[in-house]
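Whatever order the structure lists ligands and atoms in, that order sets their numbers, starting from 1.
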Amino acid sequence: MARRSFIRGTGGYLPERVLTNDDLSALVETSDEWIQERTGIKRRHIAAEGELTSDIATAAARSALEAAGIPVSDVDLIVLATTTPDQTFPATATAVQAKLGMTGGAAFDVQAVCSGFLFALATADSMLKQGLFNTALVIGAETFTRILDWSDRGTCVLFGDGGGAAVLQAEEWDGDKLAGVITHHIRTDGTKSDLLYVDGGVSSTGTIGHVRMEGNRVFRHAVTNISSAIQSIYDETGLTGDDIDWFVPHQANKRILDGVAKKMNIAEEKVIVTVQEHANTSAASIPLALNHAVRSGRAKKGDLILSEAMGGGFSWGASLFRL
Ligand code: UT7
């Protein structure tokens with residue numbers, strides 16, 4: 001018998017305010033046609049004034065707990081992936097812990113930008129398997145639009161705010177190895193940090209800074225890096241694209257996720273695409289897409305799910321799990 005973690009429920013939350021591509025064309029020289037053609041994005045959600053990353057994360061967590069039918073009193077770990085914390089410290093995860101009314105356990109943040117959810121999932125899964133905790137909330141939540149330069153059309157049209165969550169629970173298991181959370185391959189390359197970064201920070205400028213990106217170069221690295229992480233999963237498990245029920249990629253650009261799916265032999269109808277609804281929500285995009293797949297009735301219990309992401313750092317990775 002060994003411990004294994006299982007996904008018990010998913011949840012998501014998008015702020016009420018919607019900003020369309022046409023709204024953006026009043027701010028910068030862009031068009032609905034350009035944005036849709038190059039990215040697949042139609043609209044994004046913007047956090048209300050005073051609405052914090054922890055509020056978004058808490059809403060997503062509550063919805064995941066409700067779907068799982070698990071009371072918050074059972075949760076003993078929160079791992080929150082975010083690039084846009086409420087404050088420099090304490091960790092935003094501890095604000096979520098307080099807002100949920102949790103008095104025990106541990107809560108901390110993980111920073112891997114758009115790959116954050118996969119890094120958080122791998123972290124929580126490892127801790128559950130080791131027996132350090134039993135029930136974890138893995139959350140990706142962002143108020144990413146607060147670090148955008150609204151005069152830079154190369155970035156401001158691409159991102160949005162939101163949050164998604166999954167409840168993970170450990171079980172003693174001696175059944176099928178391809179059950180529950182199966183494997184992760186996560187990677188970083190710090191030599192490419194100048195292609196996607198924020199031009200501010202606590203110990204550098206003392207300011208929050210704004211997102212800067214060489215989009216075209218990031219695009220090319222994204223397809224290569226993500227494909228290599230997925231190939232590592234194929235090599236480790238002996239599976240191929242045919243064995244996957246659903247592909248739940250990071251939602252940055254429809255052209256990237258289509259390109260990766262094609263390269264890795266995953267049929268188009270298995271690809272979950274939500275980027276049109278909320279743009280790139282960084283660490284929130286995978287759990288939002290996963291939650292959509294589940295709640296729309298497409299992904300069902302027992303389905304095999306492959307997920308991937310790529311973000312600043314560079315950071316990237318892929319995860320395989322069964323619902
Ligand atoms: O999640 C984190 C990882 N990030 C990503 O995965 C993003 C990766 N990159 C991308 O998604 C794409 O590179 C973009 C969507 C950012 C850009 O698409 P592209 O096809 O790579 O366009 P480009 O950067 O090569 O720019 C093409 C043209 C340029 O004009 P010129 O130089 O050809 O005259 C840009 O100035 O499009 C122009 N452009 C725009 N035009 C209208 C750039 N942004 C805009 C815009 N509206 N918003």
Are [X] and [Y] within salt-bridge range, i.e. N to O under 4.0 Å?
X	Y	value
Arg4	Asp125	no
Asp245	Lys270	no
Lys262	Asp258	no

Exercise for review: At a heavy-atom distance under 4.0 Å, which protein residues reach ligand 1? Sort them by chain and number, would you?
Suggested key: Glu29, Thr30, Trp34, Arg38, Thr39, Cys114, Arg153, Gly154, Val157, Leu158, Leu196, Met213, Gly215, Asn216, Val218, Phe219, His250, Ala252, Asn253, Arg255, Ile256, Asn280, Met310
In a table with atom names and distances, give each donor-acceptor pair under 3.5 Å that connects a side chain of residues 64-77 to protein atoms at least two apart or in another chain.
from  : atom 1 : to     : atom 2 : distance (Å)
Asp76 : OD1    : Asn134 : N      : 3.1
Asp76 : OD1    : Thr135 : N      : 2.9
Asp76 : OD2    : Asn134 : N      : 2.9

Practice item. Sorted by first residue and then second, give each salt bridge (Lys or Arg N to Asp or Glu O under 4.0 Å) pair with at least one member in residues 20-43; sequence neighbours left out. Key: Arg43-Glu277
**Study point:** Pairs flagged by salt bridge (Lys or Arg N to Asp or Glu O under 4.0 Å) wherever residues 106-124 is involved - sequence neighbours left out
**Key:** none
